Amino acid sequence: MDPIRRAYAAIHTLAKLLEPDGRSAAEMHAAVERWHEELESSLATTPRERGWREHFSKIVHAFGTRIFTCYDHPGLPRTNNDMEQALRALVSRQRRITGRKHVG
């Protein structure tokens, strides 16, 4: 299997792992750490795969456990798009209530 397909399969596995199923943020963090360890051992060491692993590691370690906060708070949007949609709905509602064009 070529490197791009292996990377795609790994990301697809991670996407399934991140679906909310009642696990806490700490449990989710541990599951992602296990996935990352498996990734380290399963991917070959081509320059492209090494770069991909290093990029993923940098992102996950930069955010740390904060990236999993949404699993402890069910009402908190999971993605940036979900957050923007929630804020857009709030702003629209506030504009209707106050009659102002801009929410400040």
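Basis for what follows: all heavy atoms, side chains included, without hydrogens, waters or symmetry-related copies. Since the structure is predicted, the reported quantities are computational estimates derived from the model, not experimental observations.
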I want to check something: taking the side chain as every heavy atom from C-beta on, are [X] and [Y] in contact at a cut-off of under 4.5 Å?
{"X": "Tyr8", "Y": "Thr13", "answer": "no"}
{"X": "Arg23", "Y": "Tyr71", "answer": "no"}
{"X": "Leu14", "Y": "Phe56", "answer": "yes"}

Qualifying residues under side chain to side chain donor-acceptor pair (under 3.5 Å), relative to [X], sequence neighbours excluded:
{"X": "Asp72", "value": "none"}
{"X": "Asn81", "value": "none"}
{"X": "Glu84", "value": "Asn80"}

Ile97: partners by side chain to side chain contact (heavy atoms under 4.5 Å, CB included), with sequence neighbours left out: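 Side chain to side chain contact (heavy atoms under 4.5 Å, CB included) check on Ile97 returns Arg93.
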
With a 3.5 Å cut-off and sequence neighbours excluded, list the donor-acceptor pairs that the side chains of residues 26-35 form with protein atoms.
unit_1	atom_1	unit_2	atom_2	d
Glu27	OE1	Ser24	N	2.8
Glu27	OE1	Ser24	OG	3.4
Trp35	NE1	Ala10	O	3.2

For Met83, the rest of its hydrophobic cluster, which grows through side-chain links under 4.5 angstrom: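 Under the 4.5 Å side-chain rule, Met83 groups with Leu76, Leu87.
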
Looking only at heavy atoms, which two atoms of Pro77 and Ala86 are closest? And how far apart?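 The pair with the smallest heavy-atom distance is CG-CB, 4.3 Å.
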
Atom pair CD1 (Ile67) and CG (Leu18), whose distance is rounded to the nearest 0.5 Å: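 Spacing of CD1 (Ile67) from CG (Leu18) equals 8.0 Å.
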
